[in-house]
There are 2 protein chains.
Amino acid sequence: MRINKLTDYGIVIAVHIASDGPERLHTAREIAAGTRIPQPTVTRLLKQLARSSILTSTRGASGGYSLAQPPEAISVARLVETLEGPIALTECSGTVCDCALEGDCATEVPWQTISLAVREALDTVTLADMVRPSLTPPLVPLGGIRA
Amino acid sequence: MRINKLTDYGIVIAVHIASDGPERLHTAREIAAGTRIPQPTVTRLLKQLARSSILTSTRGASGGYSLAQPPEAISVARLVETLEGPIALTECSGTVCDCALEGDCATEVPWQTISLAVREALDTVTLADMVRPSLTPPLVPLGGIRA
DNA sequence: GGTAATTTGCACTAAATCAGTCCTATATAA
DNA sequence: TTATATAGGACTGATTTAGTGCAAATTACC
């Protein structure tokens with residue numbers, strides 16, 4: 001019931017960029033120093049985020065990374081899905097299920113529903129919400145979960 | 001972003017009991033045969049569920065396990081928390097946070113909110129919902145998530 | 001009273017996953 | 001041309017997880 005540490009790092013990195021000039025170019029080294037995440041790891045995550053068009057990269061000297069969209073447009077759900085694949089709490093809550101349990105896999109449908117609910121919860125939180133949290137709404141209600 | 005396989009198994013076991021006579025006594029062997037989960041694993045999980053009073057155990061010959069409460073009263077959230085600890089998507093979304101990231105750990109509060117939302121989503125689904133899903137409400141709306 | 005069935009609790013091992021590192025190629029500014 | 005960056009892939013070590021095994025305690029039944 002945890003997200004990967006790498007995913008966590010990836011989000012920290014994205015938040016760092018968002019909070020420190022989302023359009024400015026940030027190098028891997030600078031981000032590593034700013035977040036205290038080991039640089040090779042930062043490098044790897046930045047590549048991954050750039051490949052999925054969450055960041056834009058500029059190669060060469062004085063290159064770096066910046067957000068491809070404004071922080072409000074990038075949800076935590078998207079970051080999680082990019083960094084660790086579809087949000088599915090169990091193996092059988094995705095599209096395929098080849099488990100041998102219980103023959104008819106009675107729990108499959110409920111898990112799909114649960115996973116969807118989790119996904120939508122993550123979808124309501126954006127990078128903008130993660131930056132310097134205001135401790136007041138808009139974040140706290142989190143989109144009306146649990147009315 | 002997955003629950004443990006063991007947690008998944010534990011839920012399958014609970015569902016199995018709930019759907020096959022929640023008050024009858026079920027032995028570890030019988031459950032292993034019914035769910036096709038290896039018996040030693042079943043044994044371990046049953047112990048764990050009994051210790052947290054989700055199941056009641058009867059020792060000795062012709063003993064076994066049964067649900068301690070009706071299926072409607074046992075939520076998936078409770079099973080998950082029993083089997084793998086508090087629902088916290090990141091290390092820092094619980095009570096303590098000794099990470100060295102970002103000094104002030106700006107993302108901590110949002111993660112607490114997210115984790116709470118996930119927890120409440122899991123709290124609205126009970127064992128009764130997992131048994132032989134009806135494919136019609138009450139399950140599908142899932143307690144009004146994402147109104 | 002003894003025996004078989006069953007839960008209890010702990011310790012251990014093997015396997016899978018994850019985090020982290022390194023190297024080489026490519027692109028660009030100065 | 002050189003220094004600075006990103007791009008991509010392969011590799012390794014460590015941590016976690018899944019699964020197993022064994023001895024003790026408890027109870028039904030003969």
Side-chain angles (χ1 to χ4, degrees), chain A residues 1-13 17 24-68 80 82-85 88-91 99-101, chain B residues 1-13 17 24-33 35-68 80 83-85 88-91 99-101:
Chain A
M1 202 66 224
R2 287 271 168 92
I3 58 169
N4 288 349
K5 216 171 176 182
L6 284 177
T7 303
D8 191 6
Y9 287 168
I11 294 174
V12 168
I13 289 171
I17 296 177
R24 215 187 80 218
L25 287 182
H26 299 255
T27 67
R29 174 191 309 206
E30 175 210 316
I31 293 171
T35 59
R36 301 182 201 174
I37 300 170
Q39 174 162 355
T41 301
V42 169
T43 297
R44 227 176 69 132
L45 289 167
L46 285 171
K47 290 175 202 169
Q48 218 175 329
L49 292 173
R51 229 178 324 180
S52 34
S53 304
I54 290 171
L55 303 180
T56 44
S57 64
T58 307
R59 299 176 69 158
S62 81
Y65 297 89
S66 59
L67 289 189
V80 170
T82 292
L83 294 169
E84 63 179 46
L89 264 59
T90 63
E91 278 183 50
C99 69
L101 302 176
Chain B
M1 201 66 221
R2 286 270 169 92
I3 59 170
N4 289 349
K5 215 170 176 185
L6 284 177
T7 303
D8 192 6
Y9 286 169
I11 294 173
V12 168
I13 290 172
I17 296 177
R24 215 187 79 219
L25 287 183
H26 299 255
T27 68
R29 172 189 313 205
E30 175 209 317
I31 293 171
T35 60
R36 299 181 205 173
I37 300 170
Q39 174 161 353
T41 301
V42 170
T43 297
R44 229 176 66 135
L45 289 168
L46 286 170
K47 292 175 202 169
Q48 218 175 328
L49 292 174
R51 231 178 320 181
S52 34
S53 304
I54 290 172
L55 303 179
T56 44
S57 65
T58 305
R59 299 178 67 161
S62 81
Y65 297 89
S66 59
L67 288 190
V80 170
L83 294 169
E84 64 180 45
L89 266 57
T90 63
E91 278 184 48
C99 69
L101 302 176

Task: Separation between OG1 of B:Thr90 and CG of A:Asp8, rounded to the nearest 0.5 Å - done: 5.5 Å
- [ ] Using a heavy-atom cut-off of under 4.0 Å over every strand shown, decide if A:Lys47 touches base, sugar-phosphate, or nothing.
- [x] base
Acceptor/donor pairs from residues 51-66 of chain B side chains to any protein atom, 3.5 angstrom cut, sequence neighbours excluded:
from	atom 1	to	atom 2	distance (Å)
B:Ser52	OG	B:Gln48	O	2.9
B:Thr56	OG1	B:Ser66	O	3.4
B:Thr56	OG1	B:Ser66	OG	3.1

Task: Reference residue A:Met1; test side chain to side chain contact (heavy atoms under 4.5 Å, CB included); the match among B:Leu83, B:Asn4, B:Leu89 - done: B:Leu89
Task: Comparing A:Ser62 and A:Leu6 on DNA chain C - which has the more 5′ nearest nucleotide - done: A:Leu6
Open item on the list: Distance under 4.0 Å to a non-hydrogen atom of chain A counts as contact; along DNA chain C, which nucleotides mark the start and end?
Closed with: C:dC18 to C:dA29
- [ ] Assign each of B:Asn4 and A:Tyr65 to its nearest nucleotide of DNA chain D by heavy atoms, then name whichever residue's nucleotide is nearer the 5' end.
- [x] A:Tyr65
Open item on the list: How long is the straight-line distance from CG of B:Leu49 back to CD1 of B:Ile17, given to the nearest 0.5 Å?
Closed with: 7.5 Å
- [ ] Could you check if a side-chain atom of A:Val42 sits within less than 4.5 angstrom of a side-chain atom of A:Leu46, using non-hydrogen atoms only?
- [x] yes
Task: Working for side chain to side chain contact (heavy atoms under 4.5 Å, CB included), residues A:Gln39 and A:Glu30 - done: CA-CA 9 Å; A:Gln39 174 162 355; A:Glu30 175 210 316; over 6 Å; no
Open item on the list: List the residues meeting side-chain hydrogen bond (donor to acceptor under 3.5 Å, both in side chains) with A:Thr7, not counting sequence neighbours, and say none if there are none.
Closed with: A:Glu84
- [ ] Quick one: label A:Pro38 by what it contacts on the DNA or RNA (base, sugar-phosphate, nothing), any heavy atom closer than 4.0 Å.
- [x] sugar-phosphate
TODO: Could you list where the contact with chain B starts and ends along DNA chain D, reading 5' to 3', using a 4.0 Å heavy-atom cut-off?
DONE: D:dA18 to D:dA28
- [ ] List in numerical order all residues of residues 48-61 of chain A for which some heavy atom is under 4.0 Å away from an atom belonging to DNA chain C.
- [x] A:Arg59, A:Gly60, A:Ala61
Task: Between the first and last five pairs of the helix from C:dG1-D:dC30 to C:dA30-D:dT1, the angle of the axes, rounded to 10 degrees - done: 10°
Task: Sequence-distant partners of A:Arg29, salt bridge (Lys or Arg N to Asp or Glu O under 4.0 Å), two or more places apart - done: none
Task: side chain to side chain contact (heavy atoms under 4.5 Å, CB included) involving B:Pro38 - partner list, sequence neighbours excluded - done: B:Pro40, B:Thr41
TODO: Working to the nearest 0.5 Å, report the span between CD1 of A:Ile37 and CZ of A:Arg44.
DONE: 12.5 Å
